[in-house]
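Residue numbering restarts at 1 for every chain, and letters A, B, ... go by the order of the sequence lines.
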Amino acid sequence: MAQSVKGTRDLFGNDVRWFQHIEESARRVFHRHGYEEIRTPILEEIEVFKRSVGESSDIVHKEMYDFMDKGNRHVVMRPENTAGVVRAAIQHKLLINNDPRLLFYVGPQFRYERMQAGRYRQFWQIGAESFGVATPESEAESLLLLFEFLHELGLKHLQLSINSVGTSECRPAFHAAIRAFFEARQERFCADCHRRIQENPLRVLDCKVPGCQEALEGHPLITDHLDEASRAHHERLKALLSAMDIPFVENPRLVRGLDYYSRTAFEVLSSDLGAQSALLGGGRYDGLVKQLGGPDTPAFGWAIGLDRLAILMQALHGDAPVQAPAVLIPLGDAATLKAFELVRQWWAQGCRVQLETRNANLKKAMTSANRLGAGMALLLGDGELEKGVLTAKNLSTGTQEEWLLEDVAAKLRA
RNA sequence: GCGGCUGUAGUUCAGUUGGUUAGAGCACUGGAUUGUGAUUCCAGGUGUCGAGGGUUCGAGUCCCUUCAGCCGCCCCA
């Protein structure tokens, strides 16, 4: 029997209901804030990611779904969506004046990784990207949007961690400080950290090995090495978040796995997600647009895991709310013709009605209406036709009554 | 990419030191009831024991390979 490809899954029933619920919330909030949706291709040329996410990142050097297509192009199924959005924004000249440009996306992403709970090879992200504005105010707006969204979903008590990773001007000095600190006690660090200190020294800071965390005691703080502009930026963002009552903690060891971040970096973890605890992450990426060949454009954004949001929603609220339609069951040829006429009117008025089209006996029709979870069964036979009514049976209480045909639409919507 | 565990009906699971025809609850199908579901009663097992190979007189059970899932590492959403 054919099976879905390893690491991919079919979404249906309760899962897809949660996905829809989450996406609808997101779209509502994005539209309120003036964000426009953008949909970029799943396939991108490999260079888009090598030049943005960074060759030293795990995403690029071990997790990409890449292949040669029939035209001998080296393509990748996108492992994240920011690089593609930036590529598209440059290609279509959306960023030429450095006007604010607010974009969001919802879509599947692909990383070739070992399966684990909450980690799939095809997973979904919702993301927000804010282009053209370098201020901490634009970051506060984006984070406020994010927390409005989380609040609409009923998710509270999530802890926002923030840090500043500085800029390309002040980072070299910090790298030097970290290297000096590392070399003085290198025998205490794990093998991975020895690799990281060469490739991306910041990543030593968030090594999960307990020994490394202990060895990091007293490590130089990037916040002590920020230049004046970055330090002021960071302080201003913290003041704005406090003023907006968005709770956060400062985590000087927070480093993100993508190379393009500058200044603000942040993430939210959840203890309800097991080992794959990252729910969302983001930050400022002022150099990326230029790096990919566009105008020098500041930018800030985040991405949240839809699959993991759905896990949290299920844990917090149980099954997704479901509104099953009423079922109209016609009995006999004359009633069937009349039923088509009726449902067309009801549908036009926005009523949720499913038409029984099997010409089956009533018992069978009632049985499947019940299994479907329908609230109402609407029976239309010759007797009802003559009187201009139908028999409406409430399937949860078992009571039934006659409704005038002209009243049905109003009663269904009540 | 590394380590550990699991896989039996639609589903949740049982199945003894390897031993006859692989079982149970729920679900499902038919009937009691051809204009009434859910509830009740009666009847029905619906299976390539994940797949392939091996050991054996004999394999759901032991061995190897493989596929899939779960848990952890790495990483991240």
May I have the distance from A:Glu23 (atom CD) to B:rA77 (atom P), rounded to whole angstrom?
19 Å
When the C1' atoms of B:rU56 and B:rC64 are compared, how many Å lie between them, rounded to an integer?
16 Å
From CZ of A:Arg121 over to P of B:rC74, roughly how many Å is that when rounded to an integer?
19 Å
Provide, to the nearest angstrom, the distance between the CZ atom belonging to A:Arg114 and the C1' atom belonging to B:rA68.
11 Å
Here the pair of heavy atoms bringing A:Trp302 nearest to A:Ile126 is CZ3-O, 3.9 Å
Decide yes or no for A:Val289 and A:Leu95: does some side-chain heavy atom of the first lie under 4.5 Å from some side-chain heavy atom of the second?
yes
So, do A:Trp124 and B:rA77 meet the stacking rule of ring centres under 5.5 Å and planes under 30°?
no
Can you tell me how far P in B:rU21 sits from the matching atom in B:rG58, rounded to whole Å?
14 Å
Expressed in whole Å, how much space separates the P atoms belonging to B:rG25 and B:rU61?
25 Å
Partner of A:Glu44 under salt bridge (Lys or Arg N to Asp or Glu O under 4.0 Å), chosen from A:Arg73, A:Arg87, A:Arg51, A:Arg78:
A:Arg87
Position toward the 5' end of RNA chain B (nearest nucleotide), A:Arg111 or A:Gly7:
A:Gly7
B:rC70 OP1/OP2 closer than 4.0 Å to side-chain N/O of A:Gln116:
no
In terms of side-chain geometry, is the basic nitrogen of A:Arg119 or A:Asp307 positioned less than 4.0 Å from the acidic oxygen of its partner?
no
Pairwise P distance for B:rC62 and B:rC26, with rounding to whole Å:
30 Å
Which is true for A:Gly282 with a 4.0 Å heavy-atom rule: it touches a base, it touches only sugar-phosphate, or it touches nothing?
nothing
Closest to the A:Ser277 side chain, choosing from B:rC74, B:rG69, B:rC76
B:rC76
Applying a 4.0 Å non-hydrogen cut-off, can you work out what A:Glu63 is touching in the nucleic acid: base, sugar-phosphate, or nothing?
sugar-phosphate
Using the C1' atom as the point on both nucleotides, what is the distance between B:rU46 and B:rG30, in whole Å?
13 Å
Only stems of 3 or more consecutive Watson-Crick or G-U pairs count here, both distances under 3.5 Å; name the ones for RNA chain B, or none.
B:1-7 with B:67-73, B:10-13 with B:23-26, B:28-32 with B:40-44, B:50-54 with B:62-66
What verdict does the ring-ring contact (aromatic ring centres under 6.0 Å, His included) test give for A:Phe30 and A:Tyr35, after you've listed the backbone C-alpha separation in whole Å, the side-chain angles of each residue and the deciding distance to 0.1 Å?
CA-CA 5 Å; A:Phe30 280 128; A:Tyr35 281 69; 5.6 Å; yes
Candidates B:rG3, B:rC76, B:rG69 - which lies nearest the side chain of A:Met115:
B:rG69
Determine yes or no for a side-chain-to-main-chain donor-acceptor pair under 3.5 angstrom, with A:Glu356 supplying the side chain and A:Arg358 the backbone.
yes
Report yes if the distance between the aromatic ring centroids of A:Phe300 and A:Tyr261 is under 6.0 Å, otherwise no.
no
Is A:Arg119 side chain donor-acceptor paired with the B:rC70 base, going by distance under 3.5 Å alone?
no
When the C1' atoms of B:rG23 and B:rG47 are considered, how many whole Å apart are they?
11 Å
For A:Ser4, does its backbone N or O pair with a side-chain atom of A:Thr8 as donor and acceptor, under 3.5 Å?
no
Could you tell me the separation between the NZ atom of A:Lys6 and the C1' atom of B:rG69, rounded to a whole number of Å?
8 Å
In B/S/- notation, 5' to 3', how is nucleotides 28-40 of chain B contacted by protein heavy atoms closer than 4.0 Å?
SSS--B-BBBS--
Taking CG from A:Asn81 and P from B:rA77, how many angstroms apart are they, rounded to a whole number?
12 Å
Rounded to the Å, how far apart are A:Ile311 CD1 and B:rC76 C1'?
13 Å
Applying side chain to side chain donor-acceptor pair (under 3.5 Å), run through A:Glu148 and A:His33 and close with a yes or a no.
CA-CA 10 Å; A:Glu148 278 176 49; A:His33 281 244; 2.9 Å; yes
Ion pair present between A:Glu341 and A:Lys338, side-chain N to carboxylate O less than 4.0 angstrom?
yes
Sorted by position of nearest nucleotide on RNA chain B, 5' first, the leading residue of A:Val5 and A:Asp307 is A:Val5
Say you pick atom C1' in B:rU8 and the same atom in B:rC13; how far apart are they, in whole Å?
9 Å
Checking side-chain contact (heavy atoms from CB on, under 4.5 Å) between A:Pro136 and each of A:His233, A:Arg284, A:Arg263, which is the one that passes?
A:His233
Whole angstrom is fine here: how far is it from CD in A:Gln276 over to P in B:rC74?
10 Å
Any donor-acceptor pair, under 3.5 Å, between the side chain of A:Glu113 and the base of B:rA77, if you only look at N and O atoms?
yes
Determine the interatomic distance between C1' on B:rC49 and the same-named atom on B:rG18; round to the nearest Å.
15 Å
Just how far, in rounded Å, is C1' of B:rA77 from CE of A:Met64?
17 Å
